[in-house]
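To start, the structure under review is shown below, and the notes come after it.
For the single chain, residues carry numbers from 1 onward in sequence order. Since we're looking at a predicted model, the values are computed, not measured.
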Amino acid sequence: MQGIDIEDISRFENKDRIADSKFLERVFTKDELEYCYSRKNCASHLCARFCAKEAVIKVLSYSGIKHTKYNDIEIYHGKFGEPYVRFLGGRYSGIKIDISISHDKTKAIAVAIIK
């Protein structure tokens with residue numbers, strides 16, 4: 001099974017949304033925010049991670065796992081920059097998901113496949 005999501009990066013260029021700490025804390029982990037804010041184009045990285053989390057939530061939902069919280073999912077990079085999914089809090093132990101993320105100037109997209 002797979003989940004996919006695509007978003008306009010402009011959603012995350014909105015200064016009100018980026019400044020909305022409640023939204024950011026609900027969606028992203030501290031490490032994700034630190035990574036995104038360290039990048040030149042913060043909005044594209046925030047958007048890409050949001051897409052990745054949406055794709056993961058969709059694939060979990062298709063597998064019968066409901067009510068997943070955004071910040072229970074962390075998107076991080078491996079040694080060579082490849083994206084990985086990490087579940088926090090031990091709720092989803094044993095579930096493995098492959099993720100692919102991409103973005104250009106205006107859109108971000110992610111695909112998640114449950115193993």
Separation between [atom1] of [X] and [atom2] of [Y], rounded to the nearest 0.5 Å:
X   : Y   : atom1 : atom2 : answer
I97 : M1  : CD1   : CE    : 11.5 Å
R91 : I65 : CZ    : CD1   : 8.5 Å
T29 : K53 : OG1   : NZ    : 5.5 Å
I99 : Q2  : CD1   : CD    : 11.0 Å
L46 : C51 : CG    : SG    : 11.0 Å
C47 : E7  : SG    : CD    : 5.5 Å

Any donor-acceptor pair under 3.5 Å linking the side chain of [X] with the backbone of [Y]?
X    : Y    : result
D98  : I114 : no
S61  : I57  : no
K107 : I9   : no

Do V59 and I113 make a side-chain contact, defined as non-hydrogen atoms from C-beta onward lying under 4.5 Å apart? no

So do I109 and I4 actually touch side chain to side chain, heavy atoms under 4.5 Å? yes

With sequence neighbours left out, the residues meeting side chain to side chain donor-acceptor pair (under 3.5 Å) with D5 are K58

The single option from F12, Y35, F28 passing ring-ring contact (aromatic ring centres under 6.0 Å, His included) against H45: Y35

Minimum heavy-atom distance [X]-[Y], with the two atoms named:
X    : Y    : value
D104 : T106 : OD1-N, 2.9 Å
A110 : A55  : O-CB, 3.8 Å
G3   : Y62  : CA-CE1, 4.3 Å

Side-chain atoms of residues 82-90: list all donor-acceptor pairs with protein atoms under 3.5 Å, sequence neighbours left out, distances to 0.1 Å.
| unit_1 | atom_1 | unit_2 | atom_2 | d |
| --- | --- | --- | --- | --- |
| E82 | OE1 | F80 | N | 2.9 |
| E82 | OE2 | Y84 | OH | 3.2 |
| R86 | NE | E74 | OE1 | 2.8 |
| R86 | NH2 | E74 | OE1 | 3.0 |

Any chance you could lay out the side-chain hydrogen bond (donor to acceptor under 3.5 Å, both in side chains) test for Y76 and E32, step after step, and finish with the verdict? CA-CA 7 Å; Y76 69 101; E32 289 172 322; over 6 Å; no

Within the 3.5 Å criterion, strictly below it, is a donor on Y92 or T68 matched to an acceptor on the partner's side chain? yes

Hydrophobic cluster identity match, I75 and V111, side-chain contacts under 4.5 Å: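 No: no chain of side-chain contacts under 4.5 Å links I75 to V111.
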
Applying the 4.5 Å side-chain criterion to the ILVMFWY set and letting contacts propagate, would I95 and I73 be lumped into a single cluster?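 Same cluster: I95 reaches I73 through Ile, Leu, Val, Met, Phe, Trp or Tyr contacts under 4.5 Å.
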
